[in-house]
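See below for the structure under consideration.
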Amino acid sequence: METTFELFNNQLIQELVGAQDCNLRTIEMLLGVEISSFGNQIVINGPEDAVKQAYSALNIMQHKLMKGQTLGEQEVKAAVRLSNAPTDTDNEEENTSALADIVLKTKKRHIYPRSATQAKYIQTMMKNEMVFGLGPAGTGKTYLAVALAVSMMLEGKIDKIILSRPAVEAGENLGFLPGDLKDKVDPYLRPLYDALYEMLPAEQVDKKLAIGEIEIAPLAFMRGRTLSNAFVILDEAQNTTPMQMKMFLTRLGENSRMVINGDLSQVDLPHGIVSGLQDALDTLSKVQGIGSVTFTASDVVRHGLVAKIVKAYEERNQKKQTKRQNHE
């Protein structure tokens, strides 16, 4: 199949194709198509589905440039991943605009989805008061949840951000770690701090932590509370017990949202204890108003090698499961 993408804004041509057509070469490599540029026209050749996806990616890139964003290699790769996103309408222009318009605004940066699943995840968090984010490390589950929480706080939609993780020891013993309770649990909560400092100036994070507008606490500290006007995130939820998960989910108060993130392939609970995350998914599967988004290795947005590592482990686990089923 051959199709032609035409730019109607000649000033954007060089930014779209990149230096020495590097952006086009990136799309070629990712989708297995051939792309040539002639003036304000870009001709795409290759398998039909790949050509359509390349066209959609160029459309998304053009929309981002028109909104003042810059395009680097990571942004081009993100556009390719987004071009494969499921759509709610058959109108190509509306679909492209909707994907390009997804943005979480924080003090230090604007954050955009880098994969179709990330786009779906953000949209699901915006629509639902409770959302489960499932999948491997590096897919942006926690980062995007924190970004939405910060964005909603800056817009005045919530009063408080509460970030929590179960303090599963994972080979270490809390009692032997130095310091008071905060010193002991802070290493487990470090990814949440890191995300906050990427989105807000350090002095604002420290101030909000001091006055309680941002609270970071172990899961055990949630018992007995009602969390209202808050954005509540539970990270590493696969390491909760069913009782802990039920306790956490029932903390939801008025005008609040909850995001529960975890990777069911990374359970650190003692052998024989059921993951509270899996138990909740099974129990709440038919409850209206709860969203769920599953990420895969293809959604990993860290170093490219991380995606390959995750995929290799997924394939190994799948082989083990198949072998076990055959024996049964």
Side-chain angles (χ1 to χ4, degrees), residues 1-104 110-123 138-140 144 293-308 310-311:
M1 178 182 178
E2 178 178 299
T3 191
T4 300
F5 182 89
E6 188 169 357
L7 289 89
F8 299 102
N9 185 335
N10 291 339
Q11 294 179 342
L12 298 181
I13 294 175
Q14 188 55 50
E15 292 180 74
L16 185 72
V17 301
Q20 298 180 326
D21 293 352
C22 63
N23 293 343
L24 303 185
R25 301 292 83 82
T26 298
I27 297 174
E28 284 183 330
M29 177 189 68
L30 293 172
L31 295 178
V33 295
E34 293 182 1
I35 307 178
S36 305
S37 61
F38 306 95
N40 69 332
Q41 293 186 333
I42 297 174
V43 179
I44 312 166
N45 281 283
E48 183 176 354
D49 288 345
V51 167
K52 288 179 178 179
Q53 192 174 347
Y55 187 96
S56 180
L58 288 168
N59 215 359
I60 292 171
M61 290 160 60
Q62 179 180 225
H63 273 264
K64 289 184 177 294
L65 287 172
M66 291 171 66
K67 289 181 175 294
Q69 299 178 41
T70 57
L71 292 179
E73 183 180 1
Q74 293 305 316
E75 286 71 32
V76 175
K77 290 180 177 179
V80 172
R81 289 192 291 262
L82 281 171
S83 65
N84 202 31
T87 57
D88 296 326
T89 169
D90 292 331
N91 188 307
E92 175 71 24
E93 188 65 25
E94 286 183 16
N95 292 333
T96 300
S97 180
L99 289 171
D101 287 345
I102 297 174
V103 56
L104 301 175
H110 289 180
I111 296 160
Y112 306 90
R114 290 194 167 191
S115 74
T117 311
Q118 282 195 355
K120 180 183 177 183
Y121 181 56
I122 294 172
Q123 291 170 326
T139 49
L144 292 175
V293 177
T294 301
F295 294 82
T296 66
S298 62
D299 297 304
V300 173
V301 291
R302 289 182 184 165
H303 191 287
L305 193 56
V306 175
K308 295 178 182 178
V310 171
K311 187 175 181 181

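With hydrogens and angles ignored, the 3.5 Å screen pairs a side-chain donor or acceptor of E75 with a backbone N or O of G72. The backbone N or O of I35 sits less than 3.5 Å from a side-chain atom of E28, completing a donor-acceptor pair. Remark: the backbone N or O of R114 is paired with a side-chain donor or acceptor of R81 at under 3.5 angstrom. Using modelled atom types, one side-chain atom of Q53 and one backbone atom of V80 make a donor-acceptor pair closer than 3.5 Å. With hydrogens and angles ignored, the 3.5 Å screen pairs a side-chain donor or acceptor of Q118 with a backbone N or O of T139. Under a 3.5 Å cut-off, the side chain of N23 and the backbone N or O of L16 do form a donor-acceptor pair.
Rounded to the nearest 0.5 angstrom, M1 CE and K52 NZ are separated by 5.5 Å. The CG atom of L82 sits 12.0 Å away from atom CE of M61, with the distance rounded to the nearest 0.5 Å. One finds the CD1 atom of I27 at 10.5 Å from the CG atom of D21 (value rounded to the nearest 0.5 Å). Note: L31 CG to S83 OG = 6.0 Å, rounded to the nearest 0.5 Å. From T3, atom OG1 reaches atom CD of E48 across 10.0 Å, with rounding to the nearest 0.5 Å. If you take OH on Y112 and CG on L144, they are separated by 13.5 Å, rounding to the nearest 0.5 Å.
You'll find the side chain of V51 stays beyond 4.5 Å of the side chain of E2, heavy atoms only. Annotation: side chain of L58 is in contact with side chain of L24 (closest heavy-atom distance under 4.5 Å). Using a 4.5 Å heavy-atom threshold, the side chains of E15 and L71 count as separate.
T4 and Y55 make their closest contact through O-CE1, 3.5 Å (heavy atoms, listed as atom of the first residue, atom of the second, distance).
Summarising the local packing, CD of E6 is surrounded by more than 12 heavy atoms from other residues, nucleotides or ligands at distances under 6.0 Å.
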